[in-house]
Amino acid sequence: MQARRAALLGPAYRLFYDRPLHLVRGDGVWLFDAQGAAYLDGYNNVASVGHCHPHVVSAIAAQAGRLATHTRYLHDGPLDLAARLLDSLPEPLGHMMFTCTGSEANDLAFRIAQSATGGRGVVVTQTAYHGVTEAAAAFSPALRLPGGLPAHVRVVPAPLDGPDPAGRFAADVAAAFADLGRAGVGPAMFLCDSIFASDGVVDGPPGLLRGAAEAARAVGALYVADEVQAGFGRTGEGMWGFTRHGVQPDIVTMGKPMGNGYPVAGLAVRPEHIARFGRDVRYFNTFGGNPVAMAAAGAVLDVIAREELIANAAATGAHLRARLRDVQAGHPVLGAVRGAGLFAGVDVVTPDGSARPDPQNAAAIVNAMRASGVLISTSGLDGNVLKIRPPLVFRPEHADRLVAALEQALHGGTRGHGTPE
C-alpha cells in the first residue's frame, strides 16, 4: 500500500509513525486498523465529538438526501449556523463567512486584513502553522518552506517560559511590527493560535495574549485569533481559546473540529473591518457554506451542548495533566507539562541535567505508544514536545490508559493493544 501510495500520490505526502497505520474504522475515541486492532486516539481533534458520532452522521446523511448546493441560493443552513456561532462570540464580531478548510479561512482573513488596513505585514509565532494555501503557507513557519519567510512576514518566539511572558510577548510583537515598518511594509494582522499548538502548547497565565493584541492594534494591525485547533470547547473554558485571555479579536478563524470530519470552516469578523472588502470584492466559495456542511457543523454544536463536552474537557483535561505530572516527577526525560482542557504538551529533554530538547527520544516515545495502541504526536520548535489532543469525548479512564502507555514507553516497552469498553 505504501508503494502504491507513492506511485499514485507522489512524493509530497507524509505518513505518521515508523510503522504507518492502515485505519479502516472509527468509533468514539477509538480507531481500528485493517486487522481489527484498536487504537486509543489521543491526537485527532478533527473528530472532536468522537469518531462517527451518530448524531453528526445522521445530520449529514439527511441533508445530503435533500439538497447539496452553494450559497448563491437562499437557504436556512448558513443563516442558522452563523447565528449560533455569533451568539458564542463577543458582540463586536457580527458577520460569518464560510470556507471548507482552516487554511482557506486564514487566507481569507489575510485578504480582509489587507483591505481594512491597507497594509500587508503579518506577525506570527516562530513555529506557527496557519495553512497550506500560498498566502497562508507564507506565514506558516512550521512548514519550513524553501527560501524562508517572505518580506512581509515576521516571527516572534512563543511565550513558553521565563519571567513576565505576557509582557515579553507584547514587546516582541511590537518590535516585529516596528521592523516591518522600517522595511516599508505596512501592518495588516497579528495572527495567533490561541493554544500555540505548533509552538509546543502554551497555556500561559490568563491575559497572556492581551498585551500582544494591544501592541498590534497600536500600529493599526488587526488581531486575528486562529481557533482552528483551540476552538469548539477544547480548552475547557467556553467555546473559544482566546476567551481565557480576556481579549476581543477583530477576526476569529475556525475549522478542523467544526464538522467532526466533514470539511467545513469559516471566520467571524467585525462589520467595520469587512465593509471595504465587501464593497470591492465579490466573495464566493462553491463548497463553503453548503447545506451539508452546515448540517454537520450544526450537529457538532448540538453534541457539544447536549453531552456537556466543554465541562468534560475541563475535568478530564485536569485529570490528564495531573497524571502526566505524576509520571514526569519520576522520569528525568520529561520536562514541563503544559495545557488547557483537552490539549496537553509534555517536553522531552535530555536526562543529563541540561534539559536540552530531545526530539529523537520524543519520536521514539510516540512510536512506542503507537505500538501499544495509543496515538499521539509531537510539536514545538525542536519537535521534542509530546502533543496530546484527543476527541472531546475522552474520559478519565481513557486518560489513564494513555498515561499507562506513556509510562511503559519510558521504560522501553509496549503494552499491547487495548480493548474498547
Side-chain angles (χ1 to χ4, degrees), residues 28-30 39-45 48 50 158-161 165 194-197 199-208 229-230 232-238 241 243-245 304 307-349 351 355 357-358 361-362 365-366 368-370 372-380 384-411 413 415 418 421:
V29 299
W30 297 96
Y39 295 83
L40 180 64
D41 187 356
Y43 181 70
N44 288 291
N45 72 326
S48 61
L160 274 167
D161 49 31
S194 304
I195 195 68
F196 300 87
D199 293 287
V201 186
V202 183
D203 47 358
L208 178 65
Q229 296 198 61
F232 292 90
R234 176 153 296 278
T235 59
E237 297 183 33
T243 58
R244 302 175 59 245
H245 301 295
I304 290 173
E307 299 186 11
E308 300 181 336
L309 294 185
I310 297 176
N312 181 66
T316 301
H319 175 81
L320 171 63
R321 290 189 301 280
R323 291 295 318 280
L324 289 170
R325 290 188 176 105
D326 289 342
V327 175
Q328 181 268 341
H331 293 275
V333 299
L334 296 185
V337 175
R338 296 178 297 276
L342 277 171
F343 212 135
V346 184
D347 291 344
V348 179
V349 297
D358 192 345
N361 195 23
I365 290 168
V366 168
M369 291 180 68
R370 171 252 183 267
S372 292
V374 177
L375 306 181
I376 64 169
S377 188
T378 58
S379 176
N384 71 304
V385 181
L386 302 180
K387 184 178 180 181
I388 303 169
R389 186 190 58 180
L392 298 182
V393 290
F394 226 59
R395 304 293 179 181
E397 61 268 25
H398 303 129
D400 290 343
R401 185 171 292 196
L402 184 151
V403 171
L406 169 61
E407 190 149 32
Q408 188 69 27
L410 292 168
H411 288 293
R415 289 173 54 84
E421 291 82 357

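Not measured: the values here are computed from a predicted model.
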Show the nearest heavy-atom pair for residues [X] and [Y], with the distance to one decimal.
X	Y	value
Gly380	Val385	CA-CG2, 4.3 Å
Ser379	Lys387	CB-CD, 3.8 Å
Gln229	Arg234	O-CD, 3.5 Å
Thr316	Pro396	OG1-CD, 3.5 Å
Pro351	Val333	CB-CG1, 3.9 Å
Pro332	Val349	O-CG2, 3.6 Å

If you round to the nearest 0.5 Å, how far is [atom2] of [Y] from [atom1] of [X]?
X	Y	atom1	atom2	value
Leu375	Met369	CG	CE	8.5 Å
Arg325	Arg338	CZ	CZ	10.0 Å
Leu40	Phe394	CG	CZ	4.0 Å
Leu402	Glu397	CG	CD	12.5 Å
Asn384	Asp347	CG	CG	5.5 Å
Arg321	Gln328	CZ	CD	14.0 Å

Between Asp400 and His319: side-chain donor-acceptor atoms closer than 3.5 Å: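 Yes - a donor-acceptor pair under 3.5 Å links their side chains.
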
Taking the side chain as every heavy atom from C-beta outward, state whether [X] and [Y] have any atom pair closer than 4.5 Å.
X	Y	answer
Asp41	Pro391	yes
Leu406	Leu386	yes
Arg401	His398	no
Leu392	Asn312	no
Pro159	Leu208	yes
Asp203	Arg244	yes

Derivation of the side chain to side chain contact (heavy atoms under 4.5 Å, CB included) call for Leu324 and Leu334: CA-CA 9 Å; Leu324 289 170; Leu334 296 185; over 6 Å; no

Ser372 (side chain) donor-acceptor with Ala409 (main chain) under 3.5 angstrom: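 Not confirmed, Ser372 side chain does not pair with Ala409 backbone.
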
